[in-house]
There are 2 protein chains.
Amino acid sequence: MDKPLETIIVDSILDAIADQRLRAGTKLGEQALSDLFACNRAQVRRALATLTAYQVVDHLPNRGAYVATPTPQDARNIFQARRAIETVTCRNAVREATDDDITALRAHLAEEDAAKGRDNRPAAVRLSRGFHVLLGRIGRNPVLARYLEELTMRSSLIIGLYASGQATLCAEDEHAQIVEAIERRDEAEAQRLLDQHLRHIESGIAFDDNPPATGALSAVLGDWRG
Amino acid sequence: MDKPLETIIVDSILDAIADQRLRAGTKLGEQALSDLFACNRAQVRRALATLTAYQVVDHLPNRGAYVATPTPQDARNIFQARRAIETVTCRNAVREATDDDITALRAHLAEEDAAKGRDNRPAAVRLSRGFHVLLGRIGRNPVLARYLEELTMRSSLIIGLYASGQATLCAEDEHAQIVEAIERRDEAEAQRLLDQHLRHIESGIAFDDNPPATGALSAVLGDWRG
DNA sequence: ATAGCACAGATTGTTAACAATCCAATATTA
DNA sequence: TAATATTGGATTGTTAACAATCTGTGCTAT
């Protein structure tokens, strides 16, 4: 039961963006991608259209698809949207979380911790996003969860663009504190901590760098075969 | 400077959904649409892909595209998402609205009023949605505004499905009260009124009808030429 | 030397024919 | 008669060739 190839392409690219292996501004040529995934151009084309709808890829007519480069203004708008959505998502999570959900959250925290311990930055960035996405799923509102996936993906691009040098992306224990509040079923506190966490991330962004600089596609999307 | 045809197709279909001329469950055949818009099947195909990404169309592999049919659970999730987003959007609007914006809002109210006076239900439904979209634009956060456009579109489908018999979709003057609160720059009150307005719409939905029933595509998408 | 132009290669966009799949109507069999 | 096979038409999905557009390079002329 393999997935449709289009999905594999989309997910590979999204993963690479979440990991910050693919950086803002990278050109996604159709030929290059169809070579990489050993398929024809039409499938690549549809995958790129999907990514464009998700707003993580910019499509310029007659000149190709590029990983989106959010402006500082975009960044502010995206983080405001995240606060709006994650506040509700978090309240839902407090109300709906089962014991299994809490266990999953704790397991995720452990993974994050391990990645940071190993100084594995790409993994840390990906897992950090994963925490918010997981929280969204636990909230049991797929509409909000989907928007959150989109926004966190775009946030990864922003962090890659404007906070690449930064030592710390998320204060070590903010995620852990949120999980504790959820476990205590303390809605107000969980929401407060999450809002503060998001403002903290946003304030850690330096809006004056501007280094695109991107490597070869094949190096970055190498091992897509499951 | 005509728009790309794909955009025209997408907008035509979205308009027809906003008006409730196209109802949930209607099949959108590729041949039928390319005949209607006098174009290639490939362009129709892309338009349908875009609409699928917007979640207003369901695409079933090998059996075509259908106008989405939101479930009652979808409806609850969509309205929760709207409350999360429109609360912020509304706050932004209070802070950012220029005199021109207020004028535009008043003009919109007048249009709504006129449509209701003329018992023009499709226009009333479309304009009612338009009010929320306009508010979103005035909030000056395109990220939130885009999600709002998607959610209001899906709301139109929901209202068409579950509240078609209903006499009143929006209490006559709730929109007007919101505009007044914005004009007074009364953030808290504007937010309260909007939240209440949304809960009011949601509670007016009867989750037990189930009439798909759809007319011919050509009758419904007749005059797309601007 | 530099600005403008023209050409060549590469990349994206379009088209139409072909293949695979689904659906409904008809025929077949217990 | 009712259930199941079969078959033809219609619809969606794929492919590869062709057309349009862009980008960069080298040439020409001022």
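Residue numbers begin at 1 in each chain, while the letters A, B, ... track the order of the sequences.
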Taking 4.0 Å as the cut-off, does a side-chain nitrogen or oxygen of [X] come that near to OP1 or OP2 on [N]?
| X | N | value |
| --- | --- | --- |
| B:K27 | D:dA10 | no |
| A:R46 | D:dT14 | yes |
| B:N40 | C:dT14 | no |
| B:H59 | D:dG13 | yes |
| A:R41 | D:dA16 | no |

### Message
Test your reading of the model: is there a side-chain donor-acceptor pair from B:E149 to the backbone of B:V133, 3.5 Å cut-off?
### Response
no
### Message
Under a 3.5 Å distance rule, please check whether A:D19 uses its side chain to pair with a backbone N or O of A:R21 as donor and acceptor.
### Response
no
### Message
Closer than 4.0 angstrom, basic N to acidic O: yes or no for A:R140 and A:D101?
### Response
yes
Rounded to whole Å, please give me the gap between [atom1] in [X] and [atom2] in [N].
| X | N | atom1 | atom2 | answer |
| --- | --- | --- | --- | --- |
| B:R45 | C:dT15 | CZ | P | 15 Å |
| A:L5 | D:dG13 | CG | P | 15 Å |
| A:E30 | C:dG13 | CD | P | 6 Å |
| A:Q31 | D:dA17 | CD | P | 13 Å |
| B:N62 | C:dT21 | CG | P | 7 Å |
| B:L60 | C:dC22 | CG | P | 11 Å |

### Message
Taking the minimum atom-to-atom distance to the side chain of B:R63, which one of C:dT14, C:dC23, C:dG13 wins?
### Response
C:dC23
### Task
Identify, with sequence neighbours excluded, every residue that meets side chain to side chain donor-acceptor pair (under 3.5 Å) alongside A:E202.
A:R83
